[in-house]
Each structure stands twice: as C-alpha cells, then as structure tokens.
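Given the structure is predicted, the values throughout are model-derived calculations rather than measurements. Each chain gets a letter, A, B and so on, in the order its sequence line appears, and its residues count up from 1.
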Amino acid sequence: MLDNLEVELNKEQYDAVVSKNRSLLIIAGAGTGKTRVITYRIAYLIKKYDVRPGNILAVTFTNKAASEMKSRLYSLIGSLSTALHIGTFHSICLNILRTDGHFIGVDDSYSVIDQDDRLVIIKRIIKDLGIDDKRYPPRKYLHYISEFKNTMSYVNYQKPSETILKLALVYDRYQEQLNSSRFIDFDDMLSLVVRMFYKDSSVLEKYQEIYKHILVDEYQDTNKIQSTFLSLIGKGNNICVVGDDDQSIYGWRGAEIANILNFDKEYEDVKEIKLVENYRAGQKILDIANNVIEYNINRRGKKLVSAKDIDAEIRYETLSNEALESNFIIEEIKTLILKDTDYFDIAILYRKNSQSRNFEISLNRAGIKHKVIGAISFYQRKEVKDILSYLRVYENRFDILSFRRSLKIPTRGIGDGTIDKVILYSQTNGVDLLHSLVDSGCISKRQQVEIDKYLQLFIKLDSMVSIRDKINYIVENIDYLLYLRQYDDIDTANKRVDNIAELYSAAVAFEESVEGVNLRDFLSSTSLTSSATEEQDLTNTVKLMTIHASKGLEFDTVFLTGLEEGLFPSSQSSDDGDIEEERRLCYVALTRAKRRLYLTSARERLTYGKRSRSPSSIFLREMGMVSSNTKSSGMLGRSILDSSIDKFDVSSLSTNSNSYISSSLSKLDSDSFSVADKVSHAVFGDGVVLSIDRSGESEKVVVHFKSTGQKKILSSFLNRR
DNA sequence: CAAGTTTACCTTTTT
DNA sequence: GGTAAACTTG
C-alpha cells in the first residue's frame with residue numbers, strides 16, 4: 001500500500017507524507033485527509049526511512065483522536081504500531097510525571113483532581129476568606145489560576161499577580177490544599193513537566209533521545225505551555241505539525257493561534273504544505289462554509305474545493321419555538337431513516353449542552369435510537385464518583401474530598417463537623433486520613449461502630465487483587481443499591497445502577513487491555529477520559545453533541561440547530577469580541593456534513609425559566625442562506641407552516657415507529673423484577689438485580705451474584721427471596 | 001450535631 | 001429542570 005502512494009494521495013498529501021524536512025507545517029482544511037496524511041507519514045517513516053516505532057511520538061488533543069490514530073496505524077503496519085507513543089498532551093505528560101516526577105517532588109502517589117473538586121476547594125477558600133462570591137464568582141478564580149498555570153511564571157515557581165481580589169491568597173491556599181491532599185490538577189500535568197525539563201536537563205535529554213520524530217495534530221489548539229513542551233523535546237529533532245487556523249475553537253482555553261502562524265520562525269528547515277482539496281462534502285456545502293469564514297480577518301486564507309462530485313442538499317427552517325424545532329428535526333429524521341433503512345449517519349449539533357434536552361425527549365418519544373455524546377462525562381456522575389471515592393481513599397489516603405464523600409455516602413451518623421475535625425488533625429499532624437479517624441479522638445462512642453465498619457472495608461480491599469473485585473465489594477458492602485433506591489425515584493435509580501454496571505465493565509476492560517495494571521493507573525484513566533466504554537458502535541444511531549465535540553468527525557447528515565443571535569453566536573462570546581472564534585465554530589459545524597445539511601432556528605426559546613425571542617443568527621446571512629434585510633425562511637429550503645406541526649399528534653409518533661426502539665423506554669410492571677431486588681438462581685445462588693432489559697421478547701435481567709459476579713439471565717429462571 | 005427539606009442558582013465550549 | 005447550598009427539624 002505504501003508503494004502506491006502517488007495513486008492513493010494527491011500531490012500535496014504525497015509531499016507531506018514523504019518530506020524529509022526536519023520541520024513540517026501542514027495546513028489542512030476540514031476534510032482534506034489530515035489524519036490520513038499523519039498516519040501514512042508515520043507508516044512511511046517506519047517502512048521507508050527505518051525509523052523505530054518507539055522513537056515516534058504522536059500527540060492529539062482528544063482521546064477519541066488518539067484511539068482513532070492508533071487503530072488506523074494498526075491496520076497500516078500491524079503490531080509494529082504498538083510501540084508507538086500516541087496520546088493526548090495530558091496523558092503523555094502524566095506518564096512522564098509518573099516516571100520522573102520525583103525530580104521535582106511529585107512522586108507517583110499523586111492523584112489527579114477533577115474540575116468539580118477544584119471548584120469545591122475554591123468555594124471553601126472563598127468562604128473562609130470572606131470574599132463576596134456574588135461579585136467574585138469561584139469560577140473566575142479557577143479560570144485565573146488555570147490561566148496562570150499555563151504561563152512560564154508558574155513553571156518558574158512564581159505566583160500570580162492580583163488580577164482580581166485576593167487572587168494571590170486564594171491561589172496560595174488552593175496550592176496548599178492540592179499539596180496536602182497530594183493532588184495535581186489538569187494544568188499541572190503539562191506545566192510541571194515543563195518545569196522539570198528546565199530544572200533537570202538530564203530528564204529532558206532522556207526524552208529528546210526517545211522522541212526523535214514528533215507529530216502533532218490540531219496544532220492551532222496548542223497553548224503556550226504545550227508549544228514550549230514541544231519545542232523543548234522537538235528542537236534538533238524532527239517535528240511535523242498539522243493544523244487549520246480556521247478551526248481554532250479553543251481560544252478560551254488559552255490556545256494561541258500565534259503558534260501556528262509563527263511556526264516557521266520557531267523551527268529550522270521548515271517546509272509548509274497546504275491541503276485544500278476536500279474529500280468529504282459536496283461543493284454546495286463547502287461554498288457556504290467558505291462564505292462564512294471569509295468574514296474573519298484574522299486568518300491565513302484558503303478556500304476548500306470539493307474533490308467529490310456529490311450532490312449536496314442544504315435546507316434552512318425557522319420554527320416558532322424550540323419544541324417545534326425539535327419536532328421538525330425528528331420528523332425529518334424519520335423520513336431519512338425510512339429512506340436509508342440499512343444504514344444512516346445522522347448528527348444533531350448545538351452550541352451548548354443544555355440544548356440537547358428537547359431533542360432527547362423527542363427522540364425518545366419517537367423510539368429512535370440515539371446517543372448524547374459527552375454531556376456530563378461519565379466519571380463525573382454522582383453514582384460513579386461515589387464508588388470511586390472509596391477507591392480513591394484506598395489509593396491516596398490524603399485525598400480529603402473523596403474521604404468526605406465516602407464517609408457521608410451512605411449516611412453513617414457522621415457529618416461535616418466531625419469530618420472537619422478529623423481532616424484538621426490529619427493535616428496538622430501529617431497523619432493519613434484513615435489513621436486520623438482512629439487517632440484524633442473525635443469519634444463518639446455512638447459513631448464508633450460505623451467507623452469500625454468503614455475501616456474494615458479498606459482492610460478487606462487490601463486482600464483483593466483485581467479492581468473489579470474491589471468495586472464489587474464496595475457496592476455490596478455499603479449496600480449502595482439500597483441507598484440508591486432509597487433516595488432516588490425508580491427511573492433515576494435504574495440509570496444509576498446501569499452506570500455502576502458500566503463502571504464495573506470499564507474496570508474489566510481496563511484490566512484486560514493493559515498488562516500489569518494497577519489501581520492508580522485506572523484512577524488516572526478515569527480523570528483523563530470522559531467516557532467509560534471504548535468507542536462503541538454508533539451505526540444507525542442518531543448522534544447528539546456540541547459543535548466542539550464534533551470537531552474531527554464527519555456525518556452524512558448534519559442538523560445544525562439553534563441558529564439564533566445570542567445562542568450561536570453566543571452572547572458571552574460576542575460581548576468579548578470573540579465573534580471570530582464563534583465564526584470558526586460555525587465553520588467547523590458546517591464542514592462536518594457530507595451530503596445533507598439542515599440549518600434550523602427558533603424564533604422563541606425557553607432559557608431557564610424565561611421565554612425570550614431572538615432574531616436568526618448573523619451566520620445565516622453570512623452563509624448566504626438568508627437575505628440580509630428580513631428574517632425570511634431559507635431560499636433553498638421549502639417552507640413549512642408551523643401550524644401544521646402544532647397540530648401534529650405526538651401519540652402517533654410512538655405507534656408508527658420502526659424497529660429502533662430505545663431500551664431505556666422500558667417501564668416497570670408490578671409483577672416483574674425491579675432494580676436492587678434480591679433474587680436467587682438455581683445454579684448461581686443469591687444475587688441482586690442490577691438492570692432490566694425488556695427490549696427483547698422475554699425479559700432479561702442483569703444480576704450480580706455473590707458467587708460468580710455479573711450475569712445476564714432470563715427472568716423466568718429467577719426467584720425472589 | 002446529623003438528617004431531611006426547601007430554596008437559589010444556573011449556562012458556553014473540554015483535557 | 002437539575003443540583004448544591006441554606007435552612008429546619010429531630
């Protein structure tokens with residue numbers, strides 16, 4: 001396959017794959033075969049230039065992109081690909097820190113704090129300092145601290161200047177908290193590695209020796225620290241960066257577009273290659289994307305040209321309100337599905353996560369299989385964090401946040417007052433939290449029994465080798481399913497139990513995928529990834545996601561929704577003058593579509609509590625979809641009378657639906673089993689019902705058995721006990 | 001002092 | 001329409 005490159009690739013792609021320049025800048029427009037170029041180049045380096053796979057580092061921004069690259073390379077070069085270093089900036093840096101962090105006093109017992117927990121810490125500090133959280137919201141502090149940690153000042157051990165009230169003080173306390181709980185945050189993963197590289201050149205040299213060839217995806221999204229990291233290990237080595245200034249959508253996270261604009265000044269022997277031939281979409285779609293992005297001033301400038309002779313369809317509809325918008329979309333989807341019964345590839349895109357709700361409701365009602373991607377990350381769900389908190393305390397006995405959480409869930413007669421005292425004892429005496437529970441003398445006689453049980457749990461965990469057993473044991477020991485049933489209604493309890501089961505599967509998958517895994521690696525992975533299961537098969541599933549999450553993906557049919565002023569472009573952004581980034585976001589959204597692109601807006605929308613009207617998005621005018629003087633319906637689209645949708649009978653949706661029935665729709669009958677029921681089986685013995693599957697003809701139940709763990713069983717074989 | 005109940009606040013976008 | 005902090009009760 002590498003022998004036929006001239007045929008398989010266009011001229012620019014070919015040049016990019018075989019170039020011998022030490023530094024290579026590839027400007028790759030949307031859909032121009034960027035991933036193909038990177039993977040082929042890696043394969044080419046190995047096969048033709050005899051580069052050892054272990055000397056190649058490929059960096060991506062998302063886990064999705066990393067795993068995609070891994071699998072593509074596996075199909076290109078087979079098992080050779082396993083020696084490649086492929087990962088996100090964060091996972092690569094965390095690995096470096098785990099291996100060599102002791103050079104800067106970060107030993108491998110440090111755990112990663114997640115965003116929610118950071119907020120908890122900041123809120124507490126702000127309260128302690130008596131800062132008015134109305135005028136100075138905690139999020140602001142988080143943002144400034146994060147911003148500061150992405151500067152060289154932090155790398156050089158300095159402190160932030162007082163941008164907002166008492167920022168330096170808040171920062172100090174935040175760092176203290178992190179240190180005493182042995183935490184690093186997301187920014188530390190990168191900054192501390194850079195700090196280490198400056199402090200100890202021998203460590204840096206070690207990695208310069210390993211990473212002889214560096215390839216970076218989405219280079220336009222790199223921030224100062226990331227580009228510093230790259231230049232440190234990349235100087236004198238070979239570096240190839242791929243990016244598109246028009247798709248830079250992470251400016252709010254510190255991405256510096258200057259990195260890609262100044263690449264030729266930073267590196268030596270630079271060659272620049274531009275890819276503009278688009279293999280994804282019909283020209284019609286590319287035209288309106290080109291139209292929009294041309295309104296941006298701050299860009300290098302390029303125009304996408306379609307290489308495919310696809311007859312693309314574009315349609316714009318404006319509806320009275322958000323409910324009708326979603327009804328319209330679902331109706332369209334139903335006709336599309338009927339047309340392409342064997343295979344369909346549909347995505348609904350929106351500016352912010354909260355917009356997904358309406359679509360979920362309508363899709364559920366219509367019985368169309370769908371999946372919301374990335375809304376709340378799996379590992380941030382309450383039930384998952386509850387169980388993980390025990391594992392975290394087990395692993396890091398200074399983790400006060402998980403300590404507090406695990407002590408309070410389930411309730412054991414120990415509250416914040418007592419816990420505060422124990423934590424204080426731990427921090428003043430440097431004793432770990434579990435020992436402090438015993439030593440501090442804060443536990444009353446009445447509480448002692450429960451505390452003993454709590455401590456016993458951790459002793460018992462010691463005797464278990466696998467992560468899955470530990471999870472099982474925790475769930476059972478604290479009677480978590482009962483806890484869920486007690487506090488949640490049956491539907492949410494069901495969902496939560498499902499998630500616990502998924503957590504268990506994630507542990508199993510993790511233990512199977514890596515050799516010699518330990519709990520710490522598993523816990524790190526929960527901090528670094530947002531979903532539990534690896535890429536599942538989403539064929540014939542309608543995908544719902546934010547535009548940000550859609551970057552790098554492509555779909556046959558795309559619904560770009562909520563095209564209204566204030567929503568998209570977002571009012572937050574345009575106030576800050578970031579309209580250009582919003583426009584790039586729009587460009588990203590439009591270029592996801594291959595054959596069909598639907599644009600929708602609602603004249604009126606319910607935003608938490610209030611109904612408000614907004615005019616259609618300026619982007620529609622920039623695309624050329626709407627004339628600039630009126631808010632008319634689309635010129636390419638067929639106008640639908642809103643009233644015809646108003647009269648639409650929703651009950652008919654559920655009856656005439658096809659075979660794509662969502663299993664989550666199952667309702668609970670009184671004579672069947674429910675979640676958390678105690679059951680027994682002739683062979684497997686006693687167990688607890690984890691979830692119920694009524695999608696098939698007969699009811700199947702996932703049961704956790706004391707003897708053999710999880711099994712899916714026909715409910716007719718089970719008895720109540 | 002812990003558990004249960006009500007109110008307030010919320011919203012960009014993500015590793 | 002969901003969750004976390006504030007408030008009230010036991």
Side-chain angles (χ1 to χ4, degrees), chain A residues 59-66 87-94 112-116 118-120 123-124 127 133-134 137-139 143 146 150 185-190 218 221-223 225-226 248-255 349-358 360-361 373-377 379-382 407-421 442 444 446-447 450 486-488 492 524-531 545-551 562 566-576 578 581-582 584-586 588-589 606-610:
Chain A
V59 194
T60 64
F61 269 82
T62 62
N63 298 295
K64 211 190 292 165
T88 62
F89 273 104
H90 289 87
S91 67
I92 285 161
C93 285
L94 184 63
V112 178
I113 184 170
D114 72 41
Q115 294 304 74
D116 289 352
R118 288 179 70 212
L119 195 63
V120 170
K123 277 182 183 164
R124 228 186 153 72
K127 209 174 174 185
D133 63 357
K134 293 279 177 314
R139 286 177 183 282
H143 177 77
S146 178
N150 278 296
D185 64 23
F186 263 84
D187 306 304
D188 283 334
M189 282 185 230
L190 302 160
E218 310 282 11
D221 290 332
T222 50
N223 65 23
I225 290 296
Q226 288 160 339
S248 166
I249 55 174
Y250 288 106
W252 52 275
R253 213 168 74 186
L349 306 184
Y350 35 80
R351 177 65 237 268
K352 55 185 194 186
N353 280 310
S354 57
Q355 286 169 257
S356 71
R357 166 154 280 108
N358 286 308
E360 286 180 74
I361 294 169
I373 312 231
I376 333 143
S377 101
Y379 293 107
Q380 283 181 190
R381 289 169 198 275
K382 173 195 154 33
L407 268 176
K408 289 178 72 169
I409 294 167
T411 49
R412 356 171 113 74
I414 291 126
D416 283 318
T418 316
I419 298 174
D420 281 342
K421 282 184 209 153
C442 306
S444 68
R446 196 165 2 134
Q447 294 169 328
E450 282 296 319
Q486 202 177 333
Y487 288 92
D488 295 315
T492 39
S524 308
S525 84
T526 67
S527 317
L528 287 171
T529 58
S530 47
S531 60
M545 68 190 91
T546 63
I547 303 169
H548 280 88
S550 77
K551 194 162 112 172
L567 184 60
F568 188 35
S570 155
S571 48
Q572 266 93 347
S573 294
S574 44
D575 287 348
D576 300 330
D578 278 346
E581 181 151 314
E582 292 290 303
R584 290 193 291 269
L585 200 52
C586 182
V588 167
L606 194 67
T607 0
Y608 62 98
K610 274 209 176 99

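- A close approach under 4.0 Å does occur between a side-chain nitrogen or oxygen of A/Thr418 and OP1 or OP2 of B/dA2.
- Between the side chain of A/Lys352 and the base of B/dT11, a donor-acceptor pair under 3.5 Å is found.
- For A/Glu360, the side chain to side chain donor-acceptor pair (under 3.5 Å) criterion is met by A/Ser356, not counting sequence neighbours.
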Report all interatomic pairs (protein N or O, nucleotide N or O of nucleotides 6-8 of chain C) with separations under 3.5 Å.
{"residue": "C/dA6", "atom": "OP2", "partner": "A/Lys127", "partner atom": "NZ", "Å": "3.3"}

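- Backbone-only contact: A/Phe61 has heavy atoms under 4.0 Å from sugar-phosphate atoms and none from a base.
- Using a 4.0 Å heavy-atom criterion, one finds that A/Ser527 contacts no nucleic acid atom at all.
- Going from atom CG of A/Asp116 over to atom C1' of C/dA5 covers 15 Å, rounded to whole Å.
- Nucleotides B/dT12 and C/dA5 place their C1' atoms 23 Å apart, quoted to the nearest Å.
- When atom types are taken as modelled, the side chain of A/Ser146 and the backbone of A/His143 share no donor-acceptor pair closer than 3.5 angstrom.
- Comparing A/Ile414 and A/Thr62 along DNA chain B, the residue whose closest nucleotide (by nearest heavy atom) sits nearer the 5' end is A/Ile414.
- Donor-acceptor pairing under 3.5 Å, judged by distance alone, is absent between the side chain of A/Arg253 and the base of B/dT13.
- In this model, the phosphate group of B/dT12 is not approached by any side-chain N or O of A/Gln355 to a distance below 4.0 Å at OP1 or OP2.
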N/O contacts under 3.5 Å, protein versus nucleotides 4-8 of chain B?
{"residue": "B/dG4", "atom": "OP2", "partner": "A/Tyr487", "partner atom": "OH", "Å": "3.0"}

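- With sequence neighbours left out, the ring pair (Phe, Tyr, Trp, His ring centres under 6.0 Å) criterion links A/Tyr250 to A/Trp252, A/His548.
- In this structure, the ring pair (Phe, Tyr, Trp, His ring centres under 6.0 Å) partners of A/Phe61, at least two apart in sequence or on a different chain, are A/Phe89.
- Expressed to the nearest 0.5 Å, how far CG of A/Asp188 lies from SG of A/Cys93 amounts to 11.5 Å.
- Contacts of A/Lys551 with the nucleic acid, taken as non-hydrogen atoms under 4.0 Å apart, are absent.
- Put simply, SG on A/Cys442 and CD1 on A/Ile414 are 11.5 Å apart, with the number rounded to the nearest 0.5 Å.
- Partners of A/Arg118 by side chain to side chain donor-acceptor pair (under 3.5 Å), not counting sequence neighbours, listed by chain and number: A/Gln115, A/Tyr174.
- Applying the side chain to side chain donor-acceptor pair (under 3.5 Å) test to A/Ser91 and every residue at least two apart in sequence or in another chain returns A/Thr88.
- Within the structure, a side-chain polar atom (N or O) of A/Lys123 is placed less than 4.0 Å from OP1 or OP2 of C/dA5.
- Nucleic acid contact for A/Arg584: none, since no nucleic acid atom lies under 4.0 Å from a heavy atom of the residue.
- Nearest-nucleotide assignment on DNA chain B puts the 5′-proximal partner with A/Lys408, out of A/Lys408 and A/Thr546.
- Dashed line: the shortest gap from a side-chain N or O of A/Arg139 to OP1 or OP2 of B/dT11 is under 4.0 Å.
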Dot-bracket line, read 5' to 3' along DNA chain B, where crossing pairs take [ ] and | marks a partner on another strand, Watson-Crick or G-U under 3.5 Å | |||||||||......

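- With its ring centre under 5.5 Å from that of the base six-membered ring and a plane angle below 30°, A/Trp252 counts as stacked on B/dT13.
- When heavy atoms are screened at a 4.0 angstrom cut-off, A/Phe89 is found touching no nucleic acid atom at all.
- Contacts of A/Asp116 classified as salt bridge (Lys or Arg N to Asp or Glu O under 4.0 Å), with partners at least two apart in sequence or in another chain: none.
- Taking the salt bridge (Lys or Arg N to Asp or Glu O under 4.0 Å) definition, one finds that A/Asp114 meets it with A/Lys385, sequence neighbours left out.
- Note on A/Glu581: nothing from the nucleic acid sits closer than 4.0 angstrom, heavy atoms only.
- Nucleic acid contact for A/Glu218: none, since no nucleic acid atom lies under 4.0 Å from a heavy atom of the residue.
- Among the atoms of the strands shown, only primed sugar atoms or phosphate atoms (P, OP1, OP2) are found under 4.0 Å from some heavy atom of A/Asn353.
- Here the CD1-CG distance, from A/Ile225 to A/Leu190, works out to 7.5 Å after rounding to the nearest 0.5 Å.
- In this structure, A/Ser354 reaches the bases: a heavy-atom distance under 4.0 Å links it to at least one base atom across the strands shown.
- Residues meeting the salt bridge (Lys or Arg N to Asp or Glu O under 4.0 Å) test with A/Lys382, sequence neighbours left out: A/Asp386.
- Here A/Glu581 pairs with A/Arg584 under the salt bridge (Lys or Arg N to Asp or Glu O under 4.0 Å) rule; sequence neighbours left out.
- For a distance-only test at 3.5 Å, the side chain of A/Gln115 fails to qualify as a donor-acceptor partner of the base of B/dT14.
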